[in-house]
Enquirer: 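First the structure, which I've put down as structure tokens, then a few questions once you've had a look.
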Number of protein chains: 2
Amino acid sequence: MVQKRAAVLEVLRSSEGHLQADEIFRRVKQYYPNMVLATVYNNLHALTNDGYIRHIKTATGADFYDKTPTPHEHALCVNCGKLIDADLGDLAALLHERADVPVLSYDLILHTVCPDCDSGCNENNI
Amino acid sequence: MVQKRAAVLEVLRSSEGHLQADEIFRRVKQYYPNMVLATVYNNLHALTNDGYIRHIKTATGADFYDKTPTPHEHALCVNCGKLIDADLGDLAALLHERADVPVLSYDLILHTVCPDCDSGCNENNI
DNA sequence: ACTCTTTTTAGAACAATTCTAAAAGGAGGC
DNA sequence: GCCTCCTTTTAGAATTGTTCTAAAAAGAGT
């Protein structure tokens with residue numbers, strides 16, 4: 001494992017777990033100031049391919065990277081834009097079972113109000 | 001309802017049901033050659049707001065518009081890129097029930113091989 | 001040291017969508 | 001028939017996150 005790839009992985013692992021490429025870039029840049037965004041993308045793709053992390057595409061075009069590669073669902077906070085984990089049990093099995101088409105995989109993003117925003121919801125008039 | 005808006009809706013209604021903006025543009029342009037893509041987007045937004053159609057965002061950035069506004073799920077064919085309807089029963093209820101976060105709404109796209117591609121799958125070495 | 005492959009860089013390119021400001025169109029009142 | 005107001009349309013630029021390209025740099029193995 002190459003230095004900068006390791007740095008990208010380390011930044012992600014030491015984070016809350018769901019970062020966007022530009023945020024990872026910002027953080028890795030503190031250790032490697034001459035780092036470039038393309039390198040972050042290169043390494044994120046490589047790490048995703050190798051199964052170290054997971055790439056979560058959202059419909060808004062702002063993709064997230066997840067330090068936890070094992071399958072689980074996600075929810076996007078409509079207030080703060082943060083991506084959090086969501087527990088839906090073994091949804092994959094259920095989708096396979098119920099769907100009237102073969103399910104190779106799926107993209108699911110719930111829209112929610114995260115606990116942080118919910119507790120402070122008066123501030124933002126939700 | 002204004003002429004061009006009606007034309008956009010009519011093109012969508014007379015289609016298989018899941019078109020992308022540029023395809024709608026191409027089709028409407030046959031009747032209104034001076035039509036512009038921005039107008040298609042304007043009208044698609046208006047029609048979506050008014051509940052005539054549904055806007056389906058995909059993670060690939062290629063959004064679809066659905067002539068059927070009532071809730072149902074979708075599957076994207078990994079071979080031909082077509083979006084088809086998928087029946088999963090009342091998934092919304094299930095997600096609300098199972099999720100450990102409040103579910104305001106959700107984006108779900110299954111990945112599948114559509115019947116057309118499945119029947120001709122040898123041609124494309126799937 | 002030499003070669004081969006991988007990684008990194010810099011910056012351009014991309015693609016779908018959105019924005020902006022101006023022009024055109026249409027409806028209703030007078 | 002004209003005026004005013006509001007909506008729709010146009011043209012084209014801007015946006016945004018991501019991907020591509022070609023060249024430079026770095027590493028590994030011999």
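First the proteins, then the strands, lettered A, B, ... as listed; each starts at 1.
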Enquirer: Provide, to the nearest angstrom, the distance between the OH atom belonging to A:Tyr32 and the P atom belonging to C:dA10.
Expert: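 It is 16 Å, rounded to the nearest whole Å.
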Enquirer: In this structure, how many angstroms lie between the P atom of C:dT17 and the CG atom of B:Asp63, rounded?
Expert: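 Atom-to-atom, B:Asp63 to C:dT17, this comes out as 5 Å.
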Enquirer: Between A:Arg98 and B:Asp87, is the salt bridge (charged side-chain N to carboxylate O under 4.0 Å, His left out) condition met? List the steps.
Expert: CA-CA 8 Å; A:Arg98 278 214 195 181; B:Asp87 184 4; over 6 Å; no
Enquirer: Calculate the interatomic distance between A:Asp22 atom CG and D:dT18 atom C1'; express it in whole Å.
Expert: 11 Å
Enquirer: Calculate the interatomic distance between B:Phe25 atom CZ and D:dT10 atom C1'; express it in whole Å.
Expert: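 It works out to 11 Å between those atoms.
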Enquirer: Taking B:Ser15 for the side chain and B:Gly17 for the main chain, is one N or O donor matched with an acceptor at less than 3.5 Å?
Expert: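 Flag set: sc B:Ser15 to bb B:Gly17 pair under 3.5 Å.
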Enquirer: Consider the side chain of A:Thr39, meaning its heavy atoms from C-beta on, and name the nucleotide among C:dT9, D:dT10, D:dT8 that approaches it most closely.
Expert: C:dT9
Enquirer: Between atom CD in B:Glu23 and atom P in C:dA16, what is the gap in whole Å?
Expert: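 After rounding, the gap between these two atoms is 13 Å.
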Enquirer: Tell me: CZ of B:Phe64 to P of C:dT17, nearest whole Å?
Expert: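 Answer to the nearest Å: 10 Å.
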Enquirer: Could you go through nucleotides 18-27 of chain C and list every protein N or O atom that sits under 3.5 Å from one of its N or O atoms, giving the distance for each pair?
Expert:
unit_1: C:dT18; atom_1: OP2; unit_2: B:His45; atom_2: NE2; d: 2.9

Enquirer: What does B:Asn42 touch in the nucleic acid at a heavy-atom separation under 4.0 angstrom: a base, only the sugar-phosphate, or nothing?
Expert: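 Result for B:Asn42 = base.
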Enquirer: Within the distance-only criterion (no hydrogens, no angle test), does the side chain of B:Asn43 pair as donor or acceptor with the backbone N or O of B:Thr39 below 3.5 angstrom?
Expert: yes
Enquirer: With a 6.0 Å cut-off on ring centres, are B:His55 and B:Tyr65 close enough?
Expert: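 Yes - the distance between ring centres of B:His55 and B:Tyr65 falls below the 6.0 Å cut-off.
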Enquirer: Are OP1 or OP2 of C:dT7 and a side-chain N or O of A:Asn43 less than 4.0 angstrom apart?
Expert: no
Enquirer: Nearest to the B:Ala21 side chain among C:dT17, C:dT7, D:dT10, which nucleotide is it?
Expert: C:dT17
Enquirer: Does a salt bridge link A:Lys82 with A:Glu23, judged by any charged N lying under 4.0 Å from a carboxylate O?
Expert: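 No, no charged N to carboxylate O under 4.0 Å.
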Enquirer: Round to a whole Å and report the spacing from CG of A:Asp50 to P of C:dT6.
Expert: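 It is 13 Å, rounded to the nearest whole Å.
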Enquirer: Rounding to a whole Å, what distance do you find between B:Met35:CE and D:dT9:C1'?
Expert: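 So the CE-C1' distance, B:Met35 to D:dT9, works out to 9 Å.
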Enquirer: For residues A:Tyr106 and A:Glu73, is any side-chain donor paired with an opposing acceptor at under 3.5 Å?
Expert: yes
Enquirer: Tell me if a side-chain donor or acceptor on A:Arg54 pairs with a main-chain N or O of A:His72 at a distance below 3.5 Å.
Expert: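 Yes, A:Arg54 side chain to A:His72 backbone: donor-acceptor pair under 3.5 Å.
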